[in-house]
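One structure is given below, encoded as structure tokens.
Residue numbers start at 1 and run along the sequence shown.
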Amino acid sequence: MKHKGLLVFVAVLVVLILLVGAAVSGYNGLIGKSEEVNRARQDIDVQLQRRNDLIPNLVATVKGYASHEEAIFTAIAEARAAMNNPSGMSVDELAQADAAMQSALSRLLVVVENYPDLKASQNFIGLQDQLEGTENRISVARTNYNEVVGRYNKAIRGFPGSLLAGMMGLSPAAYYEAAPGSEVAPTVDFGA
């Protein structure tokens, strides 16, 4: 009888140890996924900051050739100011500010087409190449962020992750989505 009681006690103890181990493993997994989301978001912020840092040099170069294009320079300055603190923005706010910046930069590059000397300037070409590379890195960072968010959201919505996520106060992360209307090319009016 004593031997049977000891076996039951050991079996219960093993089950408890396995349950605690699974809970700890699940907890650590969710924390890891949450940190991956944060890191991926920071990667986007870093690339957006890199683009923001390139813009004053690009604008200064274009201003030397196209000083009367003030409306575009104002739009870029406003878009750049809106992205001054990307880490303090929600993902949706960041996407909208990013779309405004992309629109302003697109309009600037359309204006550049009217200035062949500017297009041939080595300084401008170098800045444009850096900007293009940065835009590619931003795109990769956005894609990576959305992949990480997908894995995280799946983990906290599935079982038993949903139980742990509820106890930990974790909620689904927002995907990085393009701002409404960003699929439409900006209109440039050269008559103004």
Side-chain angles (χ1 to χ4, degrees), residues 1-56 78-105 129-184:
M1 187 74 169
K2 234 181 176 181
H3 186 62
K4 195 173 194 179
L6 183 60
L7 277 175
V8 169
F9 174 75
V10 169
V12 168
L13 187 61
V14 167
V15 168
L16 284 175
I17 289 172
L18 289 174
L19 287 174
V20 168
V24 167
S25 176
Y27 175 85
N28 288 339
L30 290 179
I31 292 298
K33 287 184 184 334
S34 176
E35 285 304 311
E36 285 181 35
V37 168
N38 293 337
R39 181 196 46 78
R41 166 61 196 266
Q42 289 303 312
D43 288 349
I44 292 173
D45 292 350
V46 165
Q47 295 308 323
L48 291 174
Q49 185 60 51
R50 175 178 161 71
R51 178 178 65 192
N52 255 11
D53 292 346
L54 285 171
I55 290 170
E78 289 170 356
R80 189 167 179 266
M83 296 202 59
N84 211 17
N85 183 17
S87 60
M89 303 168 100
S90 72
V91 174
D92 291 337
E93 291 169 333
L94 183 64
Q96 289 175 355
D98 183 29
M101 177 60 76
Q102 288 177 353
S103 174
L105 285 174
D129 287 346
Q130 288 182 51
L131 184 62
E132 183 179 329
T134 299
E135 291 296 335
N136 289 336
R137 285 191 282 282
I138 291 169
S139 178
V140 168
R142 284 186 203 126
T143 300
N144 182 54
Y145 172 80
N146 282 342
E147 288 172 358
V148 169
V149 165
R151 288 191 300 268
Y152 168 76
N153 286 347
K154 182 178 177 184
I156 68 168
R157 288 183 173 153
F159 183 80
S162 60
L163 297 175
L164 288 171
M167 291 187 292
M168 296 166 59
L170 297 176
S171 57
Y175 284 96
Y176 193 104
E177 297 178 17
S182 63
E183 70 280 358
V184 178

Seminar exercise, completed: The reported gap from CG in L131 to CG in N136 (rounded to nearest 0.5 angstrom) is 10.0 Å

Exercise. Tell me the side chain to side chain donor-acceptor pair (under 3.5 Å) pairs involving residues 78-89, sequence neighbours left out?
Worked result: N85-S87

Exercise. If you look at every heavy atom in R51 and L105, which pair is closest and at what distance?
Worked result: CD-CD1, 3.8 Å

For this session: Begin with the C-alpha distance, continue with both residues' side-chain angles, and end with the deciding distance and a verdict on side-chain contact (heavy atoms from CB on, under 4.5 Å) for D45 and M89.
Result: CA-CA 10 Å; D45 292 350; M89 303 168 100; over 6 Å; no

Seminar exercise, completed: Value for CD1 (I31) from OH (Y27), rounded to nearest 0.5 Å, stands at 4.0 Å

Problem set entry | Atom pair CD1 (I138) and CG (D98), whose distance is rounded to the nearest 0.5 Å | 6.0 Å

Seminar exercise, completed: Sorted by chain and number, sequence neighbours left out, side chain to side chain donor-acceptor pair (under 3.5 Å) with N52 holds for none

For this session: Could you tell me whether a side-chain N or O of S139 sits under 3.5 Å from a main-chain N or O of E135, the two making a donor and an acceptor?
Result: no

For this session: Walk me through it: do D53 and Q49 pass the test side-chain hydrogen bond (donor to acceptor under 3.5 Å, both in side chains)?
Result: CA-CA 6 Å; D53 292 346; Q49 185 60 51; 2.8 Å; yes

Exercise. Say you draw a straight line from CZ of R137 to CZ of R142; how long is it, rounded to the nearest 0.5 Å?
Worked result: 13.0 Å

Seminar exercise, completed: All heavy atoms of L164 vs all of A23, minimum pair found to be CD1-O, 4.0 Å

Seminar exercise, completed: So NZ of K4 and CG of L6: to nearest 0.5 Å the spacing works out to 13.0 Å

Seminar exercise, completed: In short, R41 meets Y145 closest at the heavy-atom pair N-CD1, 3.5 Å

Problem set entry | Taking every non-hydrogen atom, the tightest pair across R39 and N144 | NH1-ND2, 4.0 Å

Exercise. Is there a side-chain contact between L48 and M101, using heavy atoms and a 4.5 Å cut-off?
Worked result: no

Expected list for residues 146-162: side-chain donor-acceptor pairs under 3.5 angstrom, two or more places apart:
unit_1	atom_1	unit_2	atom_2	d
N146	OD1	Y176	N	2.7
N146	ND2	Y176	O	3.0
Y152	OH	S171	O	3.0
N153	OD1	A173	N	2.8
N153	ND2	A173	O	3.0
S162	OG	G158	O	3.3

Seminar exercise, completed: Output for pair (N38 CG, K33 NZ), nearest 0.5 Å, gives 14.0 Å

